[in-house]
There are 2 protein chains.
Amino acid sequence: MPRAGLIGASVTEAAAQVADEISPAPLRMSVVAERLGVKGPSLYKHVDGLDDLTRRVAILGVAELGDALREAMQGRAGRDALAAAAQAIRTYVKQHPGRYAATIGLGPTEGDDPVAVELDRTLSSFGAVLRGYRLDPDAEIHAIRMLRSALHGFATLEVADGFQMSADIDDSCRWMVDFIDRGLRAAETS
Amino acid sequence: MPRAGLIGASVTEAAAQVADEISPAPLRMSVVAERLGVKGPSLYKHVDGLDDLTRRVAILGVAELGDALREAMQGRAGRDALAAAAQAIRTYVKQHPGRYAATIGLGPTEGDDPVAVELDRTLSSFGAVLRGYRLDPDAEIHAIRMLRSALHGFATLEVADGFQMSADIDDSCRWMVDFIDRGLRAAETS
DNA sequence: GCATCAAGCTATTAGTCGTAGCCACCCCCG
DNA sequence: CGGGGGTGGCTACGACTAATAGCTTGATGC
């Protein structure tokens with residue numbers, strides 16, 4: 001019996017692909033195993049069950065989303081950075097719905113948890129968007145949460161076909177970006 | 001063998017309770033049956049399988065959320081209506097996470113679908129929030145989507161423990177409501 | 001009072017995750 | 001170079017799930 005040469009990372013990558021393809025259905029060990037040309041129980045030599053595998057996919061998703069955000073925002077500030085971040089999130093959620101869905105519900109993290117460091121890196125991108133606006137430091141955390149809520153909500157509703165009406169969704173995204181940009185500029189400490 | 005006297009609606013209600021209690025875990029027929037004092041297969045006399053039951057829970061959730069929104073916004077306008085809507089959504093999602101999660105992913109609906117009429121009723125509440133602002137009619141649909149994205153995103157991130165930092169979440173909600181209110185007033189057709 | 005329909009049940013099938021235990025391959029080390 | 005150990009596959013199994021088939025009994029209507 002020839003060895004498939006699996007390694008932890010390759011199992012996670014295959015699981016992420018499967019999760020994206022079958023989203024919103026839950027990830028299944030048997031499908032991941034089949035994708036890797038291996039029988040189900042073999043996976044348990046590399047990952048510690050379905051929960052662990054899902055968690056690994058979530059961590060991968062957080063890291064990839066953070067990379068996408070940083071790349072999109074490189075060299076941009078203010079409205080440009082905001083629009084780039086929104087577009088990056090929408091694109092990532094549409095291309096990798098399973099990975100992104102896994103990232104939600106990672107729950108609170110401990111300080112030294114590998115999840116926490118990736119999550120911090122990714123969430124700091126939202127703070128970077130605000131760097132272009134001179135906000136009251138006390139307001140920054142609220143602004144980050146508002147930003148994250150709006151972009152997360154928009155992307156998830158879009159991918160879930162939650163927008164019933166017929167207007168163009170790109171137009172709506174631009175409108176929301178402009179709305180937030182105007183609000184943030186109006187909130188600058190004068 | 002005494003009859004449990006089940007009716008479709010009571011099965012849906014029990015399933016909704018179970019879904020809320022075990023959220024974010026998926027709904028299971030066996031748990032619903034146990035809750036009703038009945039064996040699993042008996043449920044199939046009342047609902048058409050797990051997918052159908054989940055869909056019924058989702059419809060119930062949409063209807064209840066719409067009721068909660070209308071009640072909260074009664075007699076309010078402008079910022080008051082906006083704050084009431086935000087609070088109503090947050091409360092509903094926290095009290096009924098399973099119902100609410102089921103509502104996402106109902107997908108696009110046909111015109112005469114019972115889902116569509118409840119969904120329209122509920123979504124019209126977001127339009128009602130905007131009634132207090134004199135917006136350009138062309139912008140209204142974008143504003144509705146922005147509003148829904150922000151409130152949906154905030155509530156889901158809150159219930160998923162997605163807000164890592166330590167600032168008070170109620171404060172952040174108030175800040176976001178104020179932010180949107182100021183933006184909408186600034187966008188009024190002068 | 002009887003017949004019919006509805007609503008429960010048990011038994012079964014197929015599919016899931018996960019564990020136990022086996023076996024062969026590969027590498028390292030003496 | 002040869003053996004031992006660790007590694008990574010496998011099959012077999014147990015417990016759980018949804019769902020169907022078919023039976024039986026209770027309730028209702030004529």
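Numbers restart at 1 for each chain; the letters A, B, ... are given by sequence-line order, proteins then strands.
Of all heavy-atom pairs spanning A:Ser166 and B:Arg145, the tightest one is N-NH2, 4.1 Å. Pairing each heavy atom of A:Ala150 with each of B:Ser149, the nearest pair is O-CB, 3.7 Å. In terms of heavy-atom proximity, B:Gly78 sits nearest to B:Tyr133 at C-OH, 3.2 Å.
Ring-centre distance between A:His96 and A:Tyr100: not below the 6.0 Å cut-off.
Spacing between atom CD of B:Glu34 and atom P of D:dC16 amounts to 12 Å, rounded to whole angstrom units. Computed from coordinates, the B:Lys39 NZ to D:dA18 P distance equals 15 Å when rounded to whole Å. Note: CG (A:Leu43) to P (D:dT7) measures 18 Å, nearest angstrom. In this entry the distance linking CG of A:Leu36 with C1' of D:dC10 reads 16 Å, nearest Å. Taking atom CZ on B:Arg28 and atom P on C:dC17, their separation rounds to 14 Å, with Å as the unit.
Side-chain proximity of B:Met29 to C:dA20, D:dA18, D:dG9: nearest is D:dA18. Side chain of A:Tyr44, nearest nucleotide from C:dG8, C:dC17, C:dA11: C:dC17. With distances taken from any side-chain atom of A:Lys45 to the nucleotides D:dC10, D:dA19, C:dG18, the minimum falls on D:dC10.
Checking the phosphate oxygens (OP1, OP2) of C:dG8, a side-chain nitrogen or oxygen of B:His46 falls inside 4.0 Å. Listed pair B:Ser30 / D:dT17 meets the phosphate criterion, a side-chain N or O lying under 4.0 Å from OP1 or OP2.
Place A:Asp48 and A:Val31 on DNA chain C by their nearest nucleotides, and A:Val31 ends up nearer the 5' end.
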